[in-house]
**Student:** 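The following block contains the structure, expressed as structure tokens.
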Amino acid sequence: MSKHQPSSFLGQWLLIQTFGAIALAIATQAIVTLIVLMYRLDNLAIVYFLRSLACLLSSIIQGYLQWQMLRQVVKSLDRKWIYTAIARLPIDLLTWGVIHLGIDNFVLDEDGTSLIILAIIGGICGGINGIVVGNWQKSLFKQRLYWRSLWHDWDREQLLAGALSGIVATMIIISSVLLCGWDWMSSPIPAFICSIGLASASPIMYGVIVGDTIQDVFKQAKLIE
């Protein structure tokens, strides 16, 4: 089995997780924006469904790219890894809905208390998401790798990545509502910009924070030098 250099592996991983995530988000959300403009869709439920479908598509492609890259190191990695990238989407959608309800019901006071509360809610939901996805990925790795002492690091970083992505998503939604009003999702351009941020926040946080641990796992298993 050919061994990858750590710098090469981490560089490719970060490229997929950052620029790849942004590019996929732009491409998929641009298609939805084009459809909305062409057919003059103004039904919020339909628009929300199409935006969510675009997030699902970009997540599937992202998961496939992850799987293909990891298979260069772990040849027998289960194909189920692809679906771990979309496992976070249901909780993400639920979180986004909760944040909207929170903005609707809370009065945004001058000292920003409500914003802090909403950010904490987003962070907690994101952290739960990180734990769920992290445990699934961990079980897939354990099937194929001899892993000694990195479980604690893995769990902590998955939790941190999930929590930070939840907080970032919360800030994106709050900013969209404050800047563009409640009809931001019905406005093609604001929805396009905001959806790119929501679709790419999780994979970017995950890639940057968890990438080092994945590299350490491979080094422990002597799969990379």
**Student:** Sequence neighbours left out, what pairs pass side-chain hydrogen bond (donor to acceptor under 3.5 Å, both in side chains) with at least one residue falling in residues 18-32?
**Tutor:** Q29-R51
**Student:** R71: which residues meet the salt bridge (Lys or Arg N to Asp or Glu O under 4.0 Å) condition with it, sequence neighbours left out?
**Tutor:** none
**Student:** Is there a path of hydrophobic side-chain contacts, each under 4.5 Å between heavy atoms, that joins L159 and I120?
**Tutor:** no
**Student:** Same hydrophobic cluster for L65 and L57, using side-chain heavy-atom links shorter than 4.5 Å among ILVMFWY?
**Tutor:** yes
**Student:** So, the side chain of W67 versus the backbone of D78: is there a donor-acceptor pair under 3.5 Å, distance only?
**Tutor:** yes
**Student:** Between Q12 and S8, is any side-chain donor less than 3.5 angstrom from a side-chain acceptor?
**Tutor:** yes
**Student:** How far apart are the closest heavy atoms of V36 and P188, and which atoms are they?
**Tutor:** CG1-CG, 4.2 Å
**Student:** Side-chain heavy atoms under 4.5 angstrom apart, residues restricted to Ile, Leu, Val, Met, Phe, Trp, Tyr: same cluster for L10 and V210?
**Tutor:** yes
**Student:** Has W154 got a side-chain atom pairing as donor or acceptor with G134's backbone, closer than 3.5 angstrom?
**Tutor:** yes
**Student:** Tell me the closest heavy-atom pair linking V133 and A87, and the distance in Å.
**Tutor:** CG2-CB, 4.2 Å
**Student:** If you count heavy atoms of other groups shown closer than 6.0 angstrom to OH of Y48, is the number above 12?
**Tutor:** yes
**Student:** Are L178 and I117 connected into the same hydrophobic cluster when the rule is that any two of I, L, V, M, F, W, Y join if their side-chain heavy atoms are below 4.5 Å apart?
**Tutor:** yes
**Student:** Atom CD1 in I131, atom CG in D155: separation rounded to 0.5 Å?
**Tutor:** 8.0 Å
**Student:** Check whether L24 and W13 end up in the same hydrophobic cluster, where Ile, Leu, Val, Met, Phe, Trp and Tyr are linked by side-chain heavy atoms less than 4.5 Å apart.
**Tutor:** yes
**Student:** Once rounded to the nearest 0.5 Å, what's the spacing between atom CD1 of I46 and atom CG of L53?
**Tutor:** 13.0 Å
**Student:** Looking only at heavy atoms, what is the nearest atom pair of V208 and L14, with distance?
**Tutor:** CA-CD2, 3.8 Å
**Student:** Between L118 and I173, is a side chain to side chain contact (heavy atoms under 4.5 Å, CB included) present by the stated rule, with each step listed?
**Tutor:** CA-CA 10 Å; L118 292 174; I173 293 173; over 6 Å; no
**Student:** Any side-chain to backbone donor/acceptor pair from N129 onto R88? Under 3.5 Å, distance only.
**Tutor:** yes
**Student:** Can you tell me how far the CZ atom of R79 sits from the CD atom of Q68, to the nearest 0.5 Å?
**Tutor:** 7.5 Å
**Student:** Where do D92 and S202 come nearest, in terms of heavy atoms and distance?
**Tutor:** OD2-OG, 3.5 Å
**Student:** Minimum heavy-atom separation for S59 and I86, please, with both atom names.
**Tutor:** CB-CG2, 3.4 Å
**Student:** Measure the NZ-CG distance between K75 and L223 for me, rounded to the nearest 0.5 Å.
**Tutor:** 10.5 Å
**Student:** Does any non-hydrogen side-chain atom of K80 lie less than 4.5 Å from one of Q143?
**Tutor:** no
**Student:** Partners of W96 by ring-ring contact (aromatic ring centres under 6.0 Å, His included), sequence neighbours excluded?
**Tutor:** none
**Student:** How far apart are the closest heavy atoms of C125 and I91, and which atoms are they?
**Tutor:** O-CG2, 3.8 Å
**Student:** Taking the side chain as every heavy atom from C-beta outward, state whether I209 and L164 have any atom pair closer than 4.5 Å.
**Tutor:** yes
**Student:** Dump the intermediate steps for side chain to side chain contact (heavy atoms under 4.5 Å, CB included) on I214 and F9, then the final yes or no.
**Tutor:** CA-CA 10 Å; I214 294 178; F9 171 82; 3.7 Å; yes
**Student:** Evaluate the side chain to side chain contact (heavy atoms under 4.5 Å, CB included) criterion for residues K138 and Q158: first the C-alpha distance (whole Å), next the side-chain angles of each, then the deciding distance (0.1 Å), finally the verdict.
**Tutor:** CA-CA 10 Å; K138 182 168 64 176; Q158 288 280 7; over 6 Å; no
**Student:** First locate atom CG of N43, then atom CG of L50, and finally report the distance between them rounded to the nearest 0.5 Å.
**Tutor:** 10.0 Å
**Student:** State whether a side-chain donor-acceptor pair under 3.5 Å links Q62 with Y206.
**Tutor:** no
**Student:** Can you tell me how far apart CD1 (I16) and CD1 (I61) are? Round to the nearest 0.5 Å.
**Tutor:** 12.5 Å
**Student:** Let's go through C55 and L89 carefully: what are the C-alpha distance in whole Å and the side-chain angles of both, what is the deciding distance for side chain to side chain contact (heavy atoms under 4.5 Å, CB included) to 0.1 Å, and is it a yes or a no?
**Tutor:** CA-CA 8 Å; C55 289; L89 189 57; 3.9 Å; yes
**Student:** Could you tell me whether the side chain of Q17 and the main chain of P203 form a donor-acceptor pair under 3.5 Å?
**Tutor:** yes
